Colleague: 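Following this message is one structure expressed as structure tokens.
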There are 2 protein chains.
Amino acid sequence: MPDGDVFAALANPVRRGLLVALRDGPRAAGELAGHFALSRPAVSEHLAVLRHAGLVREEPRGRHRYYHLAAEPLAGVQEWLHPFERYWRDRLAALRDLVEEEDDR
Amino acid sequence: MPDGDVFAALANPVRRGLLVALRDGPRAAGELAGHFALSRPAVSEHLAVLRHAGLVREEPRGRHRYYHLAAEPLAGVQEWLHPFERYWRDRLAALRDLVEEEDDR
DNA sequence: GCAACCTGTCGGAGATTGTTGACATGTCGG
DNA sequence: CCGACATGTCAACAATCTCCGACAGGTTGC
């Protein structure tokens, strides 16, 4: 169902801040807008991007609309990241590159 | 020195593909352009974005210019991701949200 | 009902991004 | 030197992103 690109959703600092804010629990849209020195429509559109990426789910209650964090798509980001992990954790990778350079020389 | 935004650099699928391709070892710019059904200048610009984000380093050798993967900035992405991990690994998080909803009702 | 409130959507302005063709720079082999 | 090659950069255009003001729909409380 998440037809939007999760990576593109994370590209914007406001949207990353929204996800961080939602880590403390569900928040209403207007309450979130207060944290970002931004007009309400702008925040609303950012929330729509996050919704399309499957990163938040909305729960209308009365005249408020509460947004909940839905972090599952972030697992996909971590999976994509995982094959790169050895390139900054293993010092062997840097060593291997050096050897490769020497071979080509 | 990486003045560019790493998250923004990862937002583009071509740039993610470039990083994946560079995992197999250093590649020349023209060689990379062949993999993506894109004009060579376009790939060059994408490589410039990755360079500004500190995700690749270039090594001119002769008339070729080899690009190496520099994955260190990805560690920052994983760090940002880490606090969210429990929200899709722990089932307790979902349970806590349910309890919170019941409290508000 | 009705007024006040919360929120999403629409239209448009301004900035950024993605792409291409054309050009400039620098390098190798004869 | 010189011609062929690999590559970065520039001008220009289209597409997309970001933001705002204005408006519409639904909800609560009187």
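Keep in mind that what you see is a predicted model, and the values were worked out from it rather than measured. Computed over heavy atoms, backbone and side chain alike; hydrogens, waters and symmetry mates excluded. By convention in this document, chain letters (A, B, ...) are assigned in the order of the sequence lines, proteins followed by strands, and residues within each chain are numbered from 1.
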Colleague: Got a salt bridge between B:E59 and B:R61, using NZ or NE/NH1/NH2 to carboxylate O under 4.0 Å?
Modeller: yes
Colleague: Taking atom P of D:dT9 as reference, at what distance in whole Å does atom NE2 of B:H46 sit?
Modeller: 15 Å
Colleague: Can a side chain N or O of B:S44 be found less than 4.0 Å away from OP1 or OP2 on D:dG8?
Modeller: yes
Colleague: Rounded to whole angstroms, how far apart are CG on B:D5 and C1' on D:dC17?
Modeller: 14 Å
Colleague: Measuring to OP1 and OP2 of D:dG8, would you say a side-chain N or O of B:Y67 lies under 4.0 angstrom away?
Modeller: yes
Colleague: Would you mind telling me which of C:dG18, C:dT7, D:dC20 lies closest to the side-chain atoms of B:R15?
Modeller: C:dG18
Colleague: Checking contacts here: which listed nucleotide (C:dC6, C:dG8, C:dT9) is nearest the side-chain heavy atoms of A:R63?
Modeller: C:dC6
Colleague: Hey, does the side chain of A:N12 come within less than 4.0 Å of D:dT18's phosphate (OP1/OP2), counting only N and O?
Modeller: yes
Colleague: Suppose we call a contact any N or O donor and acceptor under 3.5 Å apart; does that hold for the side chain of A:R51 and the base of C:dG8?
Modeller: no
Colleague: Expressed in angstrom and rounded to an integer, what is the separation of A:E58 atom CD from C:dC6 atom P?
Modeller: 18 Å
Colleague: Rounded to whole Å, please give me the gap between CD in A:E59 and P in C:dC6.
Modeller: 17 Å
Colleague: With the side chain of B:R65 defined as its heavy atoms from C-beta on, choose the nearest nucleotide among C:dT20, D:dT7, C:dG18.
Modeller: D:dT7
Colleague: Within the structure shown, what part of the strands sits under 4.0 Å from B:F36 by heavy-atom distance: base, sugar-phosphate, or nothing?
Modeller: nothing
Colleague: Are any non-hydrogen side-chain atoms of B:V6 and B:W80 less than 4.5 angstrom apart?
Modeller: no
Colleague: Can you find a heavy atom in the side chain of B:H46 that is under 4.5 Å from one in the side chain of B:N12?
Modeller: yes
Colleague: When all nucleic acid strands are considered with a 4.0 Å heavy-atom cut-off, which category describes A:A48: base, sugar-phosphate, or nothing?
Modeller: nothing
Colleague: Whole angstroms only, please: what is the CZ-P distance between A:R16 and D:dT18?
Modeller: 11 Å
Colleague: Expressed in angstrom and rounded to an integer, what is the separation of A:L47 atom CG from C:dT9 atom C1'?
Modeller: 14 Å
Colleague: Are the side chains of B:L22 and B:L32 in touch, meaning some heavy atoms are under 4.5 Å apart?
Modeller: yes
Colleague: If we count only N and O atoms by modelled type, under 3.5 Å, do the side chains of A:R51 and A:Y67 hold a donor and an acceptor together?
Modeller: yes
Colleague: Whole Å only: how far is the CZ atom of A:R61 from the C1' atom of D:dT28?
Modeller: 15 Å
Colleague: Using a 4.0 Å heavy-atom cut-off, does B:A42 contact any base of the nucleic acid, only the sugar-phosphate backbone, or nothing at all?
Modeller: base
Colleague: Please confirm whether B:R23 makes a cation-pi placement over A:F84, using NZ or CZ under 6.0 Å from the six-membered ring centre and within 45° of the ring normal.
Modeller: yes
Colleague: Quick one: B:E45 CD to C:dT17 C1', roughly how many Å, whole number?
Modeller: 10 Å
Colleague: Between the side-chain atoms of A:E31 and the base atoms of C:dC6, is any donor-acceptor pair under 3.5 Å?
Modeller: no
Colleague: Choose from C:dA22, C:dG18, C:dT19 the nucleotide whose nearest atom is closest to any side-chain atom of B:P41.
Modeller: C:dA22
Colleague: Within the structure shown, what part of the strands sits under 4.0 Å from B:R40 by heavy-atom distance: base, sugar-phosphate, or nothing?
Modeller: base
Colleague: Nearest to the side chain of B:S39, which nucleotide is it out of D:dT9, D:dC20, C:dT19?
Modeller: C:dT19
Colleague: Select base, sugar-phosphate, or nothing to describe what B:L38 touches, counting heavy atoms under 4.0 Å on all strands.
Modeller: sugar-phosphate
